[in-house]
Enquirer: 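For reference, the structure I am asking about is given below.
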Protein chains: 2
Amino acid sequence: MSHPSHPRRTPITIRDVARKAGTSPATVSRVLTGSANVRPEKREAVLRAIEELNYTPNLLARGLKTQRTQTLGVIINNIQDIFYSTVAKGIQDYATRNGYLIIIADTTDDLDRERKMLQLMRDQSVDGIIFAPMGGNQDLVKELQEEGIALMAVDRTLEGIQLPTVLVDNRKGAEKLVDHLIKEGFQRIALINSHKPITTYQEREEGYRNALRAAGWQIDERLIMRGGPRMADGRAMTIALMKRHPLPDAIFAASGSLALGALAALRELQLSVPDDIGFVVFDDFDYYRIFSPTLTAVRQPAYQIGQTAAALLLGAIREEKPLPPSPTILPVELMVRESSQKRR
Amino acid sequence: MSHPSHPRRTPITIRDVARKAGTSPATVSRVLTGSANVRPEKREAVLRAIEELNYTPNLLARGLKTQRTQTLGVIINNIQDIFYSTVAKGIQDYATRNGYLIIIADTTDDLDRERKMLQLMRDQSVDGIIFAPMGGNQDLVKELQEEGIALMAVDRTLEGIQLPTVLVDNRKGAEKLVDHLIKEGFQRIALINSHKPITTYQEREEGYRNALRAAGWQIDERLIMRGGPRMADGRAMTIALMKRHPLPDAIFAASGSLALGALAALRELQLSVPDDIGFVVFDDFDYYRIFSPTLTAVRQPAYQIGQTAAALLLGAIREEKPLPPSPTILPVELMVRESSQKRR
DNA sequence: ATGAAAGCGCTAACAT
DNA sequence: ATGTTAGCGCTTTCAT
C-alpha cells in the first residue's frame, strides 16, 4: 500500500442540491429532466442551489437508470484517413448539436478489432453505432440489433443482414472516371486497387470493368493490379506495373491512399502526368487542386455521409422507430482537372 | 403513446450468471475482477455460465461503483486536420492496447465549445483528458484537476496553471525553416500566419523573427500576414500579400492549412515555386513529397506526441502518482525539398 | 472461500 | 406538486 487509495474528491450529488434547496432529490431530478411540473419557487430554489454548488449530474448514474447514455459509437477503418475523418466530423457535428457525445475507434481493417470494438461499445451502453463494416461479424451485428442498439453502416454494405446504410454509388463513380479517360483518348487504362474484400473496392473495380465493356473493349487482366490498401502498396503496384507489358497510358487509382503512392512512384520513375500517363482517382480532396498537375477525381460527399447517417440514426433512436431498410445513396461528382487531359 | 416504450431486451446480468453457476453475485464479481481467491470448481462454473449466457459486464454500473471508467477524453481543434487526427491515432492506439476507450470531441477552436466538452467529459466520468488547450478555461481545468481527473495538454501550452504537456519546439522549428531560406539566398521572406491567440502560432512567429534577427536583418512588418487559420484564409492572405510592396521572394506558411491555401493562390497567380517564389511550411505530410515541387517542411512527430501523452497520462492514472510538471518536448526535423531551392 | 447487504447517483413509480 | 421508496448492475465491506 505505498500509494494510499486516491478517490476522487467527493463530488456534489443530487442529494446535496436537494438539501441546500430544502427539497427532495426527486424534485431536483424533476427540474433537471423537466419531466413534471414543479412549483416556480421550488424550481428557482433548486436552480439556485445547482448554480451555487456548481452541480452537474453524473451521467453514468443517469445512464444506468435510464438505459440511455446520449452517446454514439463510431467505428471506422482509420481516423487518419481524411475520408473517414471527414465522415466522422459530419457525425460529430450532428451528434454534438443534438446533445450526443461520440466514442471513436478505428480498426485498421482488422476484423477481430472491429468485433472487439462493437462489443466494447455495447458494454459501454452506447445508444447507437455507426460503422464502416468490413464484412464478417454479421452474427454480432444481429445480436446487438436484437439487444436494441441502433446500428448504421456507412461507406460500405454488409451482406446477409438488414442494416441501414449510407454510401455513394461506387460503381457509377468508377464508370464516370474510366469513361472520361476513354473519351479523352486513352487506350490502355490500368487499375490500381486493394485486394481487401471490402465492398467499396470491389464495386469500383466493377465500375471499371463496366466502363471498358460498354466501350466495347476487351479487358486486359494484366492491367489490373491488386495489393494492400496503403500508400506504400500503391507505390509498389505502380512500380511493378510500369515494368511490365503492355504499358498502360493511364492509371485509375481506386482510393486516395493508393493514388498518393502511385503518384510517388510515377515521380520516381520520372514519368510526367498527363503527358506520359493519364491519372484519375476515386475520392477527391482539397489538395488535389494544388497538385501539379491538378488531379481529376470523383468527389464523394464525405461530410454529408456522416451527417446523414447521424441524422437517420438519431431520428430512429429518438422516435423509437425502425430505420429505413434500403440504402441511402448519395451522389458522386466527376471533377475533371489536368491529370486526365490528353495533350493533342 | 403511439410508440410503446421500447426498452432494450433485458440483458444478462451478474445475477443470472450467479444463478446458473449456483453461486452468488459476489463470487461472480470476484472471478470477473480477480480481486480475491475463488475455489477452482466455482471459478470454472462461473466461467462456464458466463460463456453459455454470453454475458458481458455493464460498464456503466461498474464505473458508477468503482469511479473508474477506463475511458479517456480527447479534445482537439479539428479531427479533419491530419496533424490532429494523427495525434488522436497515437492516443487511440496506446489507449486501446491498454484497455481504454477514447471519446473524441473537436472544438474548431471555439473556447466555449472547449469548455462544454471538458464539462461533458467530466460528467461522463472519464479517467483522464488529453486536449489541445486554446488558452482560457484555466479555471475549469484547475477544477477538474482538483476533482481528481488527470489532465494532459498536447501541442499547445496553457499558461498560469500547472499542466503536463507534450509538444514540439515551435520556435526552433520555425527558426530552422527561415534560417534555411536565408542560407538559400532568399531576401524578403514573408510569413503567413493565423491571428488566433494560440501558442503554436505565436511561437512560430517568434521563431521567424528570431531567425531574421539572428541574420542581422531588420524585420519588415509588411511581410507578416495574419488572418484566419483555414485554407481559404491562407489563400486570401497570399493574394493580398502579392498585390503589395515590397514583394516577397519566399513564403513561410505557419501551418498546413494555410500552406494549402497559399499554394492555391500562387497557382492562380501563375507564380511558380521556387523559381518565382520560395516556399516552406511548418508541419510535414506524406503528400508534400508528391507535390510538384516537393515541399520543404518541418516534420512534427504527431503520432508520437499522441503516444507519449497517452503513455504519461495512463501511467499517472494507474500509478496514482502526479504527472511530470515540466513539458515534454519532442524534436522536429527539417525536411529540405525542392520548394526552397533557389536556382542559381 | 463465500454469501448477504449496502451503496455508487440517478430516475420513476407510487403515495400523499 | 412533492416526498418516499425501490432499483438500474455492479463491487465491496462485513460476516460467517
Side-chain angles (χ1 to χ4, degrees), chain A residues 5 7-47 49-50 53-71 122-125 127 147-148, chain B residues 1 5 7-46 49-50 53-71 122-125 127 147-148:
Chain A
S5 130
R8 300 215 172 158
R9 209 174 53 118
T10 333
I12 292 104
T13 78
I14 209 171
R15 298 181 67 87
D16 302 318
V17 177
R19 197 171 321 121
K20 180 142 202 156
T23 180
S24 73
T27 299
V28 177
S29 174
R30 285 183 187 108
V31 341
L32 245 32
T33 60
S35 60
N37 277 347
V38 173
R39 206 166 355 122
E41 311 102 73
K42 284 234 171 241
R43 138 172 264 101
E44 288 306 318
V46 167
L47 259 17
I50 287 177
L53 293 173
N54 196 16
Y55 164 84
T56 54
N58 179 323
L59 268 20
L60 249 39
R62 179 180 284 171
L64 180 60
K65 179 66 189 177
T66 61
Q67 311 275 51
R68 287 266 170 269
T69 53
Q70 306 276 106
T71 300
R122 178 257 306 274
D123 297 345
Q124 286 276 354
S125 308
D127 295 340
E147 287 174 14
Chain B
M1 310 296 125
S5 130
R8 302 218 171 150
R9 206 174 53 117
T10 333
I12 291 104
T13 77
I14 209 172
R15 299 182 66 87
D16 302 318
V17 176
R19 198 172 320 118
K20 180 142 204 157
T23 180
S24 74
T27 299
V28 176
S29 174
R30 286 184 186 109
V31 343
L32 244 34
T33 60
S35 59
N37 278 346
V38 172
R39 211 170 345 130
E41 311 102 72
K42 285 238 169 234
R43 138 172 263 102
E44 286 307 317
V46 168
I50 287 176
L53 293 173
N54 196 17
Y55 164 84
T56 55
N58 179 324
L59 267 21
L60 248 39
R62 178 179 285 175
L64 181 59
K65 181 67 188 175
T66 61
Q67 311 275 50
R68 286 267 171 268
T69 53
Q70 306 275 105
T71 299
R122 177 258 306 273
D123 298 344
Q124 285 277 353
S125 308
D127 295 339
E147 287 174 14

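Labels below follow one simple rule: chain letters A, B, ... track the order of the sequence lines, proteins then strands, and each chain is numbered from 1.
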Enquirer: Any side-chain heavy atom of A:V38 sitting closer than 4.5 Å to one from A:V46?
Expert: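 The answer is no, as the side chains (C-beta and beyond) never meet within the 4.5 Å cut-off.
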Enquirer: What distance separates A:T71 OG1 from B:Q124 CD, expressed to the nearest 0.5 Å?
Expert: 4.0 Å
Enquirer: Which residue, A:L60 or B:R39, contacts DNA chain C at a nucleotide closer to its 5' end, judged by nearest heavy atom?
Expert: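 Looking at DNA chain C, the more 5' nearest nucleotide goes with B:R39.
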Enquirer: Does the side chain of A:L53 reach to within under 4.5 Å of the side chain of A:V17, using non-hydrogen atoms?
Expert: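 They are in contact (side-chain heavy atoms under 4.5 Å apart), so the answer is yes.
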Enquirer: Once you apply a heavy-atom cut-off of 4.0 Å, does A:S35 come out as touching a base, just sugar-phosphate, or nothing?
Expert: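 No contact.
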Enquirer: Tell me: CD of A:Q67 to P of D:dC10, nearest whole Å?
Expert: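 Interatomic distance, CD of A:Q67 to P of D:dC10: 11 Å.
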Enquirer: For the pair made of CD in A:E44 and C1' in D:dT2, what is the distance, rounded to whole Å?
Expert: 17 Å
Enquirer: Measure the CZ-CG distance between B:R122 and A:L59 for me, rounded to the nearest 0.5 Å.
Expert: 10.5 Å
Enquirer: Nearest nucleotide by nearest heavy atom, which residue falls closer to the 5' end of DNA chain D, B:L64 or A:S24?
Expert: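 Nearest nucleotide further toward 5': that of A:S24.
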Enquirer: Under 4.0 Å, counting only non-hydrogen atoms across every strand here, what does B:T27 touch: a base, just sugar-phosphate, or nothing?
Expert: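 Sugar-phosphate, no base atom in range.
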Enquirer: Does a side-chain N or O from A:R62 land closer than 4.0 Å to OP1 or OP2 of C:dT11, or not?
Expert: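 Yes, because at least one side-chain N or O of A:R62 sits under 4.0 Å from OP1 or OP2 of C:dT11.
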Enquirer: Round to the nearest Å and state the distance from B:K65 atom NZ to D:dG7 atom C1'.
Expert: 14 Å
Enquirer: Rounded to whole Å, please give me the gap between CZ in B:R15 and P in C:dA4.
Expert: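 Atom-to-atom, B:R15 to C:dA4, this comes out as 10 Å.
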Enquirer: Please confirm whether the shortest side-chain N or O distance from A:T13 to OP1 or OP2 of C:dG9 is below 4.0 Å.
Expert: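 Indeed not, no polar side-chain atom of A:T13 lies that close.
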Enquirer: Using whole Å, report how far CZ of A:R30 lies from C1' of C:dT11.
Expert: 10 Å
Enquirer: Nearest whole Å is fine: how far is C:dG7 P from A:N58 CG?
Expert: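 Taking atom P of C:dG7 as the reference, CG of A:N58 is at 18 Å.
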Enquirer: With rounding to the nearest 0.5 Å, note down the distance linking OG1 in B:T13 to CZ in B:R19.
Expert: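 Separation between the atoms: 7.5 Å.
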Enquirer: Considering just the side-chain nitrogens and oxygens of A:T66, establish if one lies under 4.0 Å of OP1 or OP2 belonging to C:dC10.
Expert: no
Enquirer: For B:R43 and C:dT2, give me the distance from atom CZ to atom C1', rounded to whole Å.
Expert: 14 Å
Enquirer: How close or far is atom P of D:dG9 from atom CG of B:D16, stated in whole angstroms?
Expert: 9 Å
